[in-house]
Amino acid sequence: MPELPEVERTRLSLVGPVVGRTVVGVRFGPHDVVTGSRKPAALLKGQKVAAIERRGKEMAVLGSDGAAAGTAVAVHLGMTGSLRYHKPGVKLPKGDRHLHVVWELDCGGCMVFRDPRRFGGLWTFPDAAELRRQRWEHLAPDALVITPAELHRKLAATRRGLKVALLDQRVVAGLGNIYVDELLYLCGLHPETAGDVVAAATVQTMVKRMRKLLQRSIAAGGSSFRDYVDGSGQKGSFQHLHQVYGRAGEPCCRCRGELAWLLLGGRMTVFCPVCQPGG
DNA sequence: ACGATACCCTGATGGC
DNA sequence: TGCCATCAGGGTATCG
């Protein structure tokens, strides 16, 4: 469930306590969630954390080895993943089978990757350039960065419905089920509207509203449903501002009509048939 | 190129 | 109280 706003909150909350720290040890849980080298050095042992970046729903923890470039770890939170910093002295629960990787830092604190459902994972690369090339090359521009012209070009190239197209990370990176439904509602667009019939001017409005939506959610700490928390354990509150997601059968905020739902691309899709006509 | 479907996995939920 | 069935969903893979 972590989408762009939740991943960005996680990143922001980790930058302070983790960037600049040196990784003095790496411990692994019982499940292997690492693709690529599992050597401690590949997971930044002995290196300083130089930066934590984000593209779409994906984070990258970049190491630096003195003057030399360090290794790089891509982190995807999947559905239930979290990346958290724990202060020195905080005891991790014993026997937690969902703790997958613990990075011990020179401050005495640690960073922990936990993911019960294991839809997320870690990918190690020799350096940041390799990570970007191998892992991020196929991703579209980030939803906060993409220009209307770029999005229009991608949508014009597909006949798929907007719901399915916007969930595709090769079209725009960072949107998931929640924010796509919210965005289409804000734009008054039916989720089955074919991508290639959307006018450039409409896409321009869409990009504006998308940025506003995502930035508002980031400001509210993201959306917490069951258990999403950021890197410091903080919950978000944007779920209280959702207008359609999770509200099928309830009244539309605008017209008071009943919100409908459809299964599109295997995803529960909630929309207002009156305010989002067509399809 | 697209839609449909299955898979990965576990916690939460609801019925009995 | 407990046991089962069901469901959710991001990404990937496969089939038609």
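A note on names: the letters A, B, ... follow the listed sequences, proteins ahead of strands, and every chain is numbered from 1.
In the model, A:Thr158 has a side-chain atom that pairs as donor or acceptor with a side-chain atom of A:Arg160 under 3.5 Å.
Counting non-hydrogen atoms under 4.0 angstrom, A:Thr80 reaches nothing in the nucleic acid. Residue A:Arg267 is classed as a base contact, given a heavy-atom separation below 4.0 Å to a base. Nucleic acid contact class of A:Tyr228 (heavy atoms, under 4.0 Å, all strands): none.
The nearest whole Å value for the distance from the CD atom in A:Glu192 to the P atom in B:dC2 is 15 Å. Nucleotide B:dC9 holds its P atom 8 Å from the NE2 atom of A:His31, rounded to whole Å. Between the P atom of B:dC7 and the CZ atom of A:Arg117 lies a distance of 17 Å, rounded to the nearest Å. Put simply, CG on A:Leu77 is 18 Å from P on B:dT10, counting in whole angstrom units. Per the geometry, CZ belonging to A:Arg159 stands 14 Å off P belonging to B:dA4, to the nearest Å.
Considering only side-chain N and O atoms, A:His98 lies under 4.0 angstrom from the phosphate OP1 or OP2 of B:dG11. Regarding contacts with the backbone of B:dA1, every side-chain N or O of A:Thr158 stays at 4.0 angstrom or more from both OP1 and OP2.
Residues A:Tyr185 and A:Leu213 have side chains not in contact (no heavy-atom distance under 4.5 Å, counting atoms from C-beta outward).
Nucleotides of DNA chain C that come within less than 4.0 Å of any heavy atom of chain A span, from the 5' end to the 3' end, C:dA8 to C:dG11.
A:Phe28 carries A:Arg38 over the face of its six-membered ring, with the cationic atom under 6.0 Å from the centre and within 45° of the normal.
In this pair, A:His100 and A:Phe113 present their aromatic rings tilted. The plane angle is within the 30 to 60° band.
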ask   = Checking side chain to side chain donor-acceptor pair (under 3.5 Å) for the pair A:Gln276/A:His190: CA distance, chi angles, key distance, verdict?
value = CA-CA 5 Å; A:Gln276 298 167 261; A:His190 192 283; over 6 Å; no
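A:Arg21 and A:Asp106 are joined by a salt bridge, as a carboxylate oxygen and a charged side-chain nitrogen come within less than 4.0 angstrom of each other.
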